[in-house]
Amino acid sequence: QVQLMESGGGSVQAGGSLRLSCVASGYLDSSHCMGWIRQAPGKEREGVAAISPGGGRTFYADSVKGRFTISQDSAKNTLYLQMNSLKPEDSAMYYCATDPSCRTVVVVPSNLVFGSWGQGTQVTVSS
């Protein structure tokens, strides 16, 4: 089973930037998509971004396109999310997730299998 450990969250003002990291350990299926999801209090889980196996394709939620960039360092088993031009509505707990399908991560994160995401890192954006 894969273990996912997120870091890099914090509190920033609107317009600021943060870079999240996720280190994967244990059994990581190299054929699986990796990505980021988020959940704010009282709201549904929301897909943010995903990257295909090998990093050839990236996918973003409309709400973050042009502001967030997902990337990975396979040698370090690390996934990143560069977040620029942050808005208060980006405030949430951010989780690293993995699934056979990038569509599941970004479009229907409610279908993620329990245990396929980490403990999360909090992002708070103030206006």
Run Tyr60 and Thr69 through side-chain contact (heavy atoms from CB on, under 4.5 Å) and show every step you take. CA-CA 8 Å; Tyr60 297 94; Thr69 302; 3.8 Å; yes

Go through the steps for Leu20 and Val123 under the test side-chain contact (heavy atoms from CB on, under 4.5 Å), then give the verdict. CA-CA 9 Å; Leu20 306 184; Val123 172; 4.1 Å; yes

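In terms of heavy-atom proximity, Ala14 sits nearest to Ser127 at CB-CA, 4.3 Å. Scanning both residues, Ala49 and Leu81, for their nearest heavy atoms gives CB-CD1, 4.2 Å. In this structure, Ala92 and Arg38 approach most closely via the heavy-atom pair CB-CB, 3.9 Å. The two residues Cys96 and Leu4 come nearest to each other via the heavy atoms O-CD1, 3.5 Å. Shortest non-hydrogen contact noted between Leu86 and Arg67 is CA-NH1, 3.9 Å. Listed here is the closest heavy atom pair of Ser126 and Pro88: C-CG, 4.5 Å.
With hydrophobic clusters built from ILVMFWY side chains whose heavy atoms lie under 4.5 angstrom apart, Val125 shares a cluster with Met83. Following chains of ILVMFWY side-chain contacts shorter than 4.5 Å, one can reach Val12 starting from Trp36, so the two form part of one hydrophobic cluster. Hydrophobic clustering, with ILVMFWY side chains joined whenever heavy atoms are under 4.5 angstrom apart, groups Met93 together with Phe114. Hydrophobic clustering keeps Val2 apart from Trp117 (ILVMFWY residues linked when any side-chain heavy atoms are closer than 4.5 Å, directly or through intermediates). When hydrophobic clusters are built by joining Ile, Leu, Val, Met, Phe, Trp and Tyr residues whose side-chain heavy atoms come closer than 4.5 Å, directly or via intermediates, Leu28 is not grouped with Leu112.
Remark: Arg19 is positioned above the aromatic ring of Tyr80, its terminal NZ or CZ atom under 6.0 angstrom from the ring centre and at most 45 degrees off the axis.
Atom OG1 of residue Thr78 and atom CD of residue Gln72 lie 10.0 Å apart, to the nearest 0.5 angstrom. Residue Ser110 holds its OG atom at 7.0 Å from CZ of Arg45, rounded to the nearest 0.5 Å. Considering CZ of Arg57 and CD1 of Ile70, their distance stands at 13.5 Å, rounded to 0.5 Å. The OH atom of Tyr94 sits 15.0 Å away from the OG atom of Ser7 when rounded to the nearest 0.5 Å. One finds the CE atom of Met34 at 12.0 Å from the OG atom of Ser52 (value rounded to the nearest 0.5 Å). Distance OG/Ser63 to CD/Glu89: 8.5 Å, rounded to 0.5 Å.
Checked for salt-bridge contact, Lys87 and Asp90 miss the test: no charged N lies under 4.0 Å from a carboxylate O.
Judged purely by distance below 3.5 Å, without hydrogens or angles, the side chains of Ser31 and Asp29 pair a donor atom with an acceptor atom.
Judged by distance alone, with hydrogens and angles left aside, the side-chain atoms of Thr104 form no donor-acceptor pair with the main-chain N or O of Pro109 at under 3.5 Å. Gln122 places no side-chain N or O within donor-acceptor distance of the main-chain N or O of Gly120, the cut-off being under 3.5 Å. Without hydrogens or angle criteria, Gln119 side chain to Glu6 main chain gives no donor-acceptor distance under 3.5 Å. Between the side chain of Thr58 and the backbone N or O of Ile51 there is no donor-acceptor pair closer than 3.5 Å.
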